[in-house]
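Let me begin by presenting the structure, written as structure tokens, before commenting on it.
In what follows, every chain begins at residue 1, and chains take the letters A, B, ... in the order their sequences are listed.
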Amino acid sequence: MAERGRCPECGSAALVEDAHYAQQQLVCAACGCVLAEGLLTTTYTDEEHLREVAYSQSTGQKEQLSRCLQRGIRRVQDLCKVLQLPTVFEETAVSYFQRALQHPSFHLVSLEKKELLGGCCVFVTCRQHNWPLTMGTICSLLYAKQELFASVYLSLQKELGLSVPALSLGDLVKTHLNSFRLFQHAADVPAPFVEDKEKMVARTMQIVELASETWLVTGRHPIPIVTAAAFLSWQSLQPPARLTCTLARFCKLAGVDLPPPAHLRLKELLEILLRMASQLAWLRVFKVDKKTVVKHIGDLLQHRIFLLKNAFCLEDGEEQRAAAPGEGSLGGRCPGSARAAGGAAQEDGCPSEGKRQREGGPRPLLPPCLINPRKRLRTAAPSAADSAVTGDEPISDSEIEQYLRGPEEIRAFRKAKAW
Amino acid sequence: MDADSDVALDILITNVVCVFRTRCHLNLRKIALEGANVIYKRDVGKVLMKLRKPRITATIWSSGKVICTGATSEEEAKFGARRLARSLQKLGFQVIFTDFKVVNVLAVCNMPFEIRLPEFTKKNRPHASYEPELHPAVCYRIKTLRATLQIFSTGSITVTG
């Protein structure tokens, strides 16, 4: 640096070589005076040595994200913010989305599906971290049809090989009840209707557990069950003031949607509670019906194991003594145990069996669709003629004639010009 | 399962889907005009033709590809497919019955016990998938057999593949 001299402006010896765009310059570090400039143009020989890797071959090109991917990632991040998810969830969801979009089966799908794909990634992330998020919530946030979301979700699960754990009912209850507006005083909520959140959550959890033990949860959508259980627990905590309130009014006051199956779930829950009430010693003297059983839900839940056992398990000796030989095959059923041999006969007997049981007597603990079957169950009865079919039999003309129209018919159709 | 509950399980085939080719172009309008028991879906470009015996519904495309559904056994499917090809021949097309293949067989079976689906799914994790919000049954895939089973809580099982 000494040999380059000093700056003519300020006399400083601190001179540095710096580049201004592609031009080398000698600049004073103290005052910024440009002492000398390099050549702007170079010869071909110089260029050869300076030739860098072309941009298309550099890693910079690959790191640049496509606009579609950028938009998708922004959408995923927005969804996570709206749902107030932790940052870890956002990173996982974005990584799933990037992986999925590079997959051949998602690369060229419609924009609508790509948006749903983002929602699916968020949904999968939440389920993997046991964060209770339902498909209904995501669909309503994305304004998406449930069927389309379902197909995208299933193909995402299959293509990326993601293992998605089951939805935890306990967490779902807590999250769903968080959205209820009955825990604080408000202008449109009458004072007797306001309830303590902890008590309501605890009782709703117990009712949902009861429902899952009595086959009301398996195979059904979880939200209507949680809604019906929340309604019953709310009513039972202050029966005098709340028994006259209907399920629809309750949902309106709570500010949640009333899912259509909730009425059926409520009916099934009340039926189970009534059967349990019939076994409770101090309730036997009262005539308990669907309205009054709500008042005793606390007691029923407290003793539910004992009551379920008594209300639904058939005692072996009692059943076989009382039953006709045809019904005897159904004896000795306890919750969840296997049916006795003669399962085929059971299918014919079941519809009438449920009705043949005495009103107050114990009934088998079965899923509701088996107690009241709507379908006629198929019986295998292959005829001898069918079993002899080989597929290569000769075909007669008369057999084929029945599938062809006659000439008059054809003329009539042509005249009518059906199309 | 108890050792003394030896129940013979009846597995009942409810549907067999097969395809075959006629190796000639088919005029769907002609089939719709001259065939009985046909439905012409002009917007999609196919004709549905139903046979009475065996109870089969055939979807016919103009390219000559035909899909038959509704048979209750593979032999019956071939029986029905041949009858269909013969009907098309009678209508005047140069039909050659080729590439007959059974594509899918659907069977139903009833277990003599109920099944608790959440616990079942937990114990059969990689193969079983259960989404109560979408479908009330557990979807159990057997990769080696390329079969899918739908297991319901009532004990009813539908096997496809």
**Request:** Check whether any side-chain heavy atom of A/Met135 sits under 4.5 Å from a side-chain heavy atom of B/Leu134, and report yes or no.
**Result:** yes
**Asked** Are the side chains of A/His221 and B/Pro132 in touch, meaning some heavy atoms are under 4.5 Å apart?
**Response** no
If you count the non-hydrogen atoms of other residues, nucleotides and ligands that lie under 6.0 Å from [atom1] in [X], is the total more than 12?
| X | atom1 | answer |
| --- | --- | --- |
| B/Asp99 | CG | yes |
| B/Leu145 | CG | yes |
| B/Arg55 | CZ | no |
| B/Lys50 | NZ | no |
| A/Gln128 | CD | yes |
| B/Lys30 | NZ | yes |

Region of [X] that comes under 4.5 Å of a non-hydrogen atom in chain B:
| X | answer |
| --- | --- |
| A/Thr134 | both |
| A/Arg411 | neither |
| A/Leu167 | side chain |

Less than 4.5 Å to any heavy atom of chain A: does that hold for the side chain of [X], its backbone, both, or neither?
| X | value |
| --- | --- |
| B/Ser153 | both |
| B/Lys122 | neither |
| B/Arg141 | neither |
| B/Leu51 | both |

**Fill in**
Scored by heavy-atom pairs under 4.5 Å with chain A, the best of B/Ile115, B/Asn37, B/Thr121, B/Val138 is B/Ile115
**Request:** Pick whichever of A/Arg220, A/Glu401, A/Gln157, A/Glu409 has the most heavy-atom pairs under 4.5 Å with chain B.
**Result:** A/Arg220
**Prompt:** Counting heavy-atom pairs under 4.5 Å to chain B, which of A/Ser163, A/Ala166, A/Gly219 comes out on top?
**Reply:** A/Gly219
**Prompt:** In Å and rounded to the nearest 0.5 Å, what is the CG to CG distance from A/Leu404 to B/Leu91?
**Reply:**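 The CG atom of A/Leu404 sits 5.0 Å away from the CG atom of B/Leu91.
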**Request:** To the nearest 0.5 angstrom, please state how far the CZ atom of B/Arg116 sits from the CH2 atom of A/Trp215.
**Result:**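 B/Arg116 CZ to A/Trp215 CH2: 4.5 Å, rounded to 0.5 Å.
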Using residues 147-154 of chain A as the side-chain source, report each donor-acceptor pair under 3.5 Å to any protein atom, sequence neighbours left out, with the distance given to one decimal.
residue: A/Ser151; atom: OG; partner: A/Leu148; partner atom: O; Å: 2.9
residue: A/Tyr153; atom: OH; partner: B/Glu131; partner atom: OE2; Å: 2.7

**Message:** The test is side-chain contact (heavy atoms from CB on, under 4.5 Å); show your working for B/Arg52 and A/Tyr403 and say whether it passes.
**Reply:** CA-CA 9 Å; B/Arg52 273 185 222 110; A/Tyr403 297 122; 3.8 Å; yes
How far apart are the closest heavy atoms of [X] and [Y], and which atoms are they?
| X | Y | result |
| --- | --- | --- |
| A/Val217 | B/Tyr130 | O-OH, 4.3 Å |
| B/Leu33 | A/Arg405 | O-NH1, 2.8 Å |
| A/Pro222 | B/Glu133 | CD-CG, 3.9 Å |

